[in-house]
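Step one of this worksheet: look at the structure below.
When a ligand or atom number is given, it counts from 1 through the structure's own listing order. Everything numeric here is computed off the predicted structure, so don't read it as measured data.
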Amino acid sequence: MSTDHGRVINFGAGPSALPLSVLEEAQTGLVNFAGTGMGIAEISHRSKEFQAFLDGFERDIRTQLDVPPTHRILFTQGGGTGQFSAVVLNLLARYKLLRPQASAEDTVLDYVVTGSWSKKAAEEARRLGGSTVRTVVDARVYSKDGKAFDNIPPHAEFAFSADPALIYYCENETVDGVEFAHDAQSPAAFPFHLLPQNTLVPLIADYSSSFMCRPIPRLADHAVIYAGAQKNIGPAGLTVLIVREDCIVDVDAAAKLGAAPVPLILSYKTLADSGSLYNTPSVLAIYMAGLVVKRMKENGGLPYYEEVNRRKANKLYAAVHEGEQKGVFRRKVQQGSESWMNAVFEVLGEGAEKKFLDGAEKEGMKGLKGHRSVGGVRVSLYNAVTEQEVDKLIAYMARFLAESASVEAAA
Ligand SMILES: Cc1ncc(COP(=O)(O)O)c(C=O)c1O
């Protein structure tokens with residue numbers, strides 16, 4: 001029978017909570033994987049048992065996200081940061097093959113900057129050189145204080161280039177708590193209608209902190225979607241890629257035409273040609289993420305998680321809103337641009353934030369401190385955080401509000 005093993009509620013932003021049932025199942029696999037008599041961290045990645053597991057993992061992602069046959073699912077390492085470089089190198093190679101005469105000046109990379117992670121990705125593209133990196137829009141310009149990432153900018157401000165080598169956005173900004181809305185009618189939805197009208201738009205999305213929390217809008221219109229596993233689906237060490245076939249290019253042929261040489265391990269073609277087994281993959285991380293997506297399927301797949309995650313986010317933001325009206329909390333993100341996965345807010349008053357965090361910790365709720373660069377409180381609501389756990393936090397927030405009111409009344 002399952003016990004709680006003395007575990008606390010983990011609202012951390014990543015690495016983050018994993019389902020207890022998966023951790024328990026993984027304990028068995030760590031000792032004896034699939035009846036082989038060897039643990040998952042001990043068995044060859046070329047064994048038929050591991051291959052069968054990998055195939056099932058891929059299938060579970062493909063069916064749940066409804067990935068079309070035009071797109072490959074690839075597994076690699078290096079995290080989101082690895083992909084900041086890999087997407088640039090692979091897409092520059094693709095562009096060189098399409099437009100061999102284009103100079104670095106004419107090779108334009110469009111970055112939509114809505115938070116710390118897309119800003120970092122753009123910086124890496126600039127560092128790699130060989131192209132002209134454009135900021136399509138910088139959300140700080142539209143923020144309340146002119147400095148913070150607190151919004152998805154108005155659609156009228158998105159000016160994409162006519163023929164870019166890539167267009168990049170981060171669907172959910174984990175640090176700042178800003179996310180594109182999934183309702184196509186929302187002003188905070190990604191403006192797919194403004195993209196250049198070529199048939200194969202090189203649209204790249206970083207889904208690291210929102211992967212498999214709900215369906216991906218317009219998935220088939222993306223060239224590359226990537227996600228580090230360590231938020232919603234597994235331990236660190238695994239990166240999942242969904243890559244449209246036309247972005248899997250011969251990087252060596254491109255290099256002969258003058259594109260930057262691409263390290264083999266970053267080349268999408270290397271990964272695709274080897275079935276993601278060119279070198280030793282992160283076997284253990286794949287195993288645990290595989291168990292998570294299998295469990296997701298058994299629970300009803302993405303429609304189930306979308307519903308639960310919607311409820312979790314709605315009730316949490318309602319609690320923050322209530323605290324805002326009482327002058328105790330302050331939302332950091334503008335209405336409509338709030339993330340479902342990472343809710344950020346401030347606790348107002350001298351020492352109040354520390355009091356809030358310490359009190360939560362005493363009640364077994366950890367990982368609530370905001371990212372060091374922005375401060376405040378951050379509540380990460382990934383799939384493995386249950387609705388009951390969110391209810392417990394909300395009850396604590398209500399008590400905190402009541403206490404703040406009585407202290408004020410006594411003063
Ligand atoms: C949205 C997003 N992109 C990229 C990264 C960087 O990922 P990694 O630490 O796996 O390199 C993170 C990490 O938290 C993230 O949240």
Self-check item: Test: Arg214 and Glu179 ion pair at under 4.0 Å
Solution: yes

Self-check item: Ser337/Asn151 under side-chain hydrogen bond (donor to acceptor under 3.5 Å, both in side chains): CA gap, chis, key distance, verdict
Solution: CA-CA 5 Å; Ser337 305; Asn151 70 95; 5.7 Å; no

Quiz item: Can you list the ligand 1 atoms lying under 4.0 Å from a non-hydrogen atom of Cys170?
Solution: 1 (C)

Exercise. Report yes or no: does a heavy atom of Gly228 sit under 4.0 Å from some atom of ligand 1?
Key: no

Quiz item: Considering only protein heavy atoms, which is closest to atom 16 (O) of ligand 1, and at what distance to one decimal place?
Solution: Thr174 OG1, 2.4 Å

Practice problem: State if Thr239 counts as touching ligand 1 under the rule of any non-hydrogen atom under 4.0 Å. | Solution: no

Exercise. State plainly whether the residues Asp391 and Lys315 are in salt-bridge range, i.e. N to O under 4.0 Å.
Key: yes

Quiz item: Between Phe84 and ligand 1, is there a nitrogen or oxygen pair with a distance under 3.5 Å?
Solution: no

Self-check item: Which segment of Lys231 sits under 4.0 Å of ligand 1 when only heavy atoms are counted
Solution: side chain

Self-check item: Worked verdict on Tyr305 versus Asn232 for side-chain hydrogen bond (donor to acceptor under 3.5 Å, both in side chains)
Solution: CA-CA 11 Å; Tyr305 284 91; Asn232 243 355; over 6 Å; no

Quiz item: Does Gly14 reach ligand 1, in the sense of a heavy atom lying below 4.0 Å from it?
Solution: no

Exercise. Assess whether ring-ring contact (aromatic ring centres under 6.0 Å, His included) is satisfied between His71 and His222, documenting all intermediate values.
Key: CA-CA 9 Å; His71 288 62; His222 289 78; 8.3 Å; no

Quiz item: Out of Arg127, Arg126, Lys120, which one pairs with Glu124 under the salt bridge (charged side-chain N to carboxylate O under 4.0 Å, His left out) rule?
Solution: Arg127

Quiz item: Which heavy atom of the protein is the closest neighbour of atom 8 (P) of ligand 1, given with residue, atom name and distance?
Solution: Gly80 N, 3.5 Å

Quiz prompt | Within-shell test, Tyr207 vs ligand 1, heavy atom, strictly < 4.0 Å | solution = no

Quiz item: Tell me, which protein residue and heavy-atom name are nearest atom 9 (O) of ligand 1, and how many Å apart are they?
Solution: Gln230 NE2, 3.8 Å

Quiz prompt | Salt-bridge contact Asp60-Lys297 (side-chain N to carboxylate O under 4.0 Å) | solution = yes

Quiz prompt | Ion pair check, Arg399 and Glu403, cut-off under 4.0 Å | solution = no

Exercise. Have a look at Asp206, Leu238, Asn342, Thr81 and point out the one with the heavy atom closest to atom 3 (N) of ligand 1.
Key: Asp206

Quiz prompt | Donor-acceptor under 3.5 Å (His371 side chain, Ser373 main chain) | solution = yes

Quiz item: Looking only at distance, does Asn172 have an N or O less than 3.5 Å from an N or O of ligand 1?
Solution: no

Self-check item: Within reach of ligand 1, part of Val175 (heavy-atom separation under 4.0 Å)
Solution: neither

Quiz item: Going by atom types alone, do Thr174 and Asn342 pair a side-chain donor with an acceptor below 3.5 Å?
Solution: no

Quiz item: What part of Ala236, side chain from CB on, backbone N/CA/C/O, both or neither, has a heavy atom under 4.0 Å from ligand 1?
Solution: neither

Quiz item: Can you find a non-hydrogen atom of Glu173 under 4.0 Å from ligand 1?
Solution: no

Exercise. Return the residue, atom name and 0.1 Å-rounded distance of the protein heavy atom closest to atom 6 (C) of ligand 1.
Key: Trp117 CZ3, 3.6 Å

